[in-house]
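Everything below concerns the one structure shown next.
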Protein chains: 2
Amino acid sequence: MTTRRSDTTRAAILAAARERFASDGFDRATIRAIAADARIDPSMVMRYYGNKEALFAAAADFDLRLPDLRETPRDTVGITLARHFLHRWEGDETLMALLRAAVTKEVAAERMRSLFAAQIGPVAARLAPDPAQAATRAGLVATQMLGFALCRFVLRLPPVVTLDPDEAVAWLGPTIQRYLTDPAAR
Amino acid sequence: MTTRRSDTTRAAILAAARERFASDGFDRATIRAIAADARIDPSMVMRYYGNKEALFAAAADFDLRLPDLRETPRDTVGITLARHFLHRWEGDETLMALLRAAVTKEVAAERMRSLFAAQIGPVAARLAPDPAQAATRAGLVATQMLGFALCRFVLRLPPVVTLDPDEAVAWLGPTIQRYLTDPAAR
DNA sequence: AGATCAAGTCAACAGTTGTTGGCCAACAGT
DNA sequence: ACTGTTGGCCAACAACTGTTGACTTGATCT
């Protein structure tokens, strides 16, 4: 199983696609632009990935890669989660591509939903004081994490962009901690 | 100054535009579709609003209309703000149009930035224990509010959609309160 | 009634998009 | 050397986009 000649361009296409989808969103990222970035003909993109939707599906394949939290002390889970999320977002533009697309493409939104349900859900299920509210708690965690990413990386609100990572974690950590482990509000 | 005949259609166009921009985003909301919704010819849209960008600018004109918080007790400001924001969002699809567009259109993002800076900034400036961090605190408030709106109205994460308004306010209120008035983290 | 002007319709333009099929060049195995 | 396959390019298509200008209708005013 040696790497074929095409595997190189295949990967180049995927990288260019991720970049374009991340910075321009699904609609404005044209196949022609992606092909130009990868220095190939647009028709190659079609040949390798079928159509634009399939290319996006391949480019937006993402895993949060949450660490195993079973060994972290219960009351530092919030901070740990916040730090990991921030780190994960900064190192991979896939999440950005997914978020930018999810706002207008239903398929991408669905992927976002299942991503968070599958990854944060279990954490909440284990930590929530009331198992019945586990899903709600996971959802709340998502609102704060995605909201931060939205403001910092997409909307670029100046005060949120300025925040250095440690500071951000120090602010967000307790919020996430509260959503996960504090007694229900009201 | 009686209302001219054209004012009716002018308003119809604006309403249709807001609806389309809110549900489809800037790119997918075509002038033809908007015109069809308003039951007129596409060229009328151009005549009245010049071009698509200007139409969007007119349709996405929004004001948070924050209540005067100087008389609300300092420690209930978080809940009050959360409730108002949620209420405002549900009653007017303009914010949705703005958010959907802000993710890919720089002009819309800029409007979002100045909107939050101008409206939440002053509140934070008055409540923050440390005047120097007022902007940061306002930004954090924005992350939670926009993140909630994103998950509930745009991405439609099931557990966040299910949440009834009072419950949502009870969860978000304390977070916002903390961002505004609690001593800085770290 | 006839002239004036706003309100609205129609058809077309130029550009861009995803997508397709035919063609060419390089390589591999015989 | 020959032949089949693989990787790549080119030109074109059909659909759709924002936008424009010429034309028709209808009301209003003198």
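Protein chains get the first letters and strands the later ones, always in sequence-line order, with residue 1 at the start of each.
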Between M44(B) and N51(A), just flag the one whose closest nucleotide in DNA chain C comes earlier from the 5' side.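 Nearest nucleotide further toward 5': that of M44(B).
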Assign each of R47(A) and K52(B) to its nearest nucleotide of DNA chain D by heavy atoms, then name whichever residue's nucleotide is nearer the 5' end.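 Per heavy-atom nearest nucleotide, the more 5' residue is R47(A).
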Without decimals, in angstroms, what is the distance between [X] [atom1] and [N] [atom2]?
X	N	atom1	atom2	value
I40(B)	dC10(C)	CD1	C1'	15 Å
F21(B)	dG18(D)	CZ	C1'	12 Å
R10(B)	dG8(C)	CZ	P	11 Å
R32(B)	dA11(C)	CZ	P	13 Å
D24(A)	dT16(C)	CG	C1'	15 Å
L55(A)	dT17(C)	CG	C1'	15 Å
R28(B)	dG18(D)	CZ	P	13 Å
D27(A)	dG18(C)	CG	C1'	12 Å

What's the spacing between T175(A) OG1 and R178(B) CZ if we round to 0.5 Å?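 The OG1 atom of T175(A) sits 4.0 Å away from the CZ atom of R178(B).
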Paired nucleotide for dG4(D) [Watson-Crick or G-U wobble; both distances under 3.5 Å]: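 Paired with dC27(C).
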Under 4.0 angstrom, heavy atoms only, what part of the nucleic acid is Y48(B) near: base, sugar-phosphate, or nothing?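 Y48(B): backbone/sugar contact only, no base atoms under 4.0 Å.
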Side chain proximity check, L163(B) to F148(B), heavy atoms < 4.5 angstrom: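 The answer is yes; the side chains approach within 4.5 Å.
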Could you work out which one of [options] sits closest to the side chain of [X]?
X	options	result
I31(A)	dT19(D), dT17(C), dT19(C)	dT19(C)
M46(A)	dG8(D), dT19(C), dT17(D)	dT19(C)
D41(A)	dT19(D), dG8(C), dC10(D)	dC10(D)

Under 3.5 Å, is there a donor on one side chain and an acceptor on the other for T181(B) and Q177(B)?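 Judged by distance alone, the side chains do pair up.
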Donor-acceptor under 3.5 Å (R100(A) side chain, V103(B) main chain):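 Here the side-chain-to-backbone pair exists.
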Got a salt bridge between D92(A) and R18(A), using NZ or NE/NH1/NH2 to carboxylate O under 4.0 Å?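 No.
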Answer yes or no: does a side-chain N or O of T9(A) lie under 4.0 Å from OP1 or OP2 of dG7(D)?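 Indeed not, no polar side-chain atom of T9(A) lies that close.
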With hydrogens left out and only the distance checked, is there a donor-acceptor pair under 3.5 Å joining S43(B)'s side chain and the base of dC10(C)?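 Yes, a donor-acceptor pair under 3.5 Å.
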